[in-house]
*Asks:* 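Handing you this structure, nothing more for now.
When reading the values below, keep in mind they use all heavy atoms of this one structure, side chains included, and skip hydrogens, waters and symmetry mates. Order of listing sets the numbers, starting from 1, for every ligand and every atom in it. When a residue number appears, it is its place in the shown sequence, counting from 1.
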Amino acid sequence: MSSSPSVALVTGASSGLGMGLALRFASDGCAVALAARRADRLDALVERIRGAGARALACPCDVSDREQVYAAVARTEAELGPVDLLVASAGVGAMTPAQTLDAADLEHILSVNVLGAAYAAEAVLPGMLRRHRGHLVVIGSLTGYGGLPTSAAYSASKAAVKNFFESLRIDLRGSGVAVTVITPGYVKTEMTANNEHPMPFLMELDDAVEVMARGIRRRVPHLSYPRPLSTLTWIGQVFPRRFYDFLASRVRREKGE
Ligand SMILES: NC(=O)c1ccc[n+]([C@@H]2O[C@H](COP(=O)([O-])OP(=O)(O)OC[C@H]3O[C@@H](n4cnc5c(N)ncnc54)[C@H](OP(=O)(O)O)[C@@H]3O)[C@@H](O)[C@H]2O)c1
């Protein structure tokens, strides 16, 4: 988009990357709709944003419920105006080791991380296409490039959401609607707060938000950060698989697991 977005809908806005980006957009003068389940958190953020003179709306919803996502988009458009920036940041993670595999965990993680993002894109896209203006942003993960130990469901969800939005991006070429796929490494948020495994190149939330806000402003098609970990991740993909498995499994062994 050559001009700045005027209305942004951010899912997963009650904490972490989504919250950081929503506050950032608001401080840049964009009206923001905040979607997540914890309504009390959203209300507090809306108060803070309005107190600083910007427009904001709390849209409590569960993104794995398609009707709730549609209702959140409809409310946003009625109260703030047409959504020209969607940031799909809502996500969940959980340990899903092969030894205790339970497909219910996979269903839950896919329903939030993949379907939740897809429902939001589905709901905003028709309007964006009519207006020939819009920007879809999804927060994937470097984990989406290769399986990591004990993370089968999360890794699969992040591979799926990356490819889903990459395909949309190709379909939407020339439509006026841009797509940005962001694949972060480790960032200090609630999601990583209790991780016991090593988190190389762990970033502060503000630094991550700064990197993402810059990429979103430039409407880059793809953004991976931090650079050292994204480079290692890409190199890992050309390793012979036996070598990759050995290195990935070391992450756990070093913790004595
Ligand atoms: N932190 C990292 O190192 C890292 C690295 C790579 C990718 N990511 C991705 O970045 C995104 C944001 O994660 P984060 O690190 O900011 O973690 P976070 O602080 O735990 O934020 C997750 C957000 O998702 C929302 N959410 C979870 N389930 C939801 C549901 N069913 N419906 C609506 N909202 C839901 C949560 O809000 P409620 O609980 O209020 O619903 C929260 O706002 C995720 O997609 C994550 O996979 C994070």
*Asks:* Which residues end up grouped with I109 if you chain together Ile, Leu, Val, Met, Phe, Trp and Tyr wherever their side-chain heavy atoms are less than 4.5 Å apart?
*Replies:* V63, V69, V92, V112, L115, Y119
*Asks:* For Y145, is the NZ or CZ atom of K162 found under 6.0 angstrom from the centre of its six-membered ring and inside 45 degrees of the ring axis?
*Replies:* yes
*Asks:* Does anything in residues 14-39 pair up under side chain to side chain donor-acceptor pair (under 3.5 Å), and if so which pairs, sequence neighbours excluded?
*Replies:* S14-R38, S15-R38, R24-E210, R38-E190
*Asks:* With sequence neighbours excluded, tell me which residues meet side chain to side chain donor-acceptor pair (under 3.5 Å) with R55.
*Replies:* none
*Asks:* Which label fits F246 and F243: parallel for a plane angle under 30°, tilted from 30 to 60°, or perpendicular past 60°?
*Replies:* parallel
*Asks:* Should we say atom CZ of R241 is surrounded by more than 12 heavy atoms from elsewhere, each under 6.0 Å from it?
*Replies:* yes
*Asks:* Collect the protein residues that have a non-hydrogen atom under 4.0 Å from ligand 1 and hand them over in chain and number order.
*Replies:* G12, A13, S14, S15, G16, L17, A36, R37, R38, C61, D62, V63, S89, A90, G91, V92, V112, I139, G140, S141, Y154, K158, P184, G185, Y186, V187, T189, E190, M191, T192
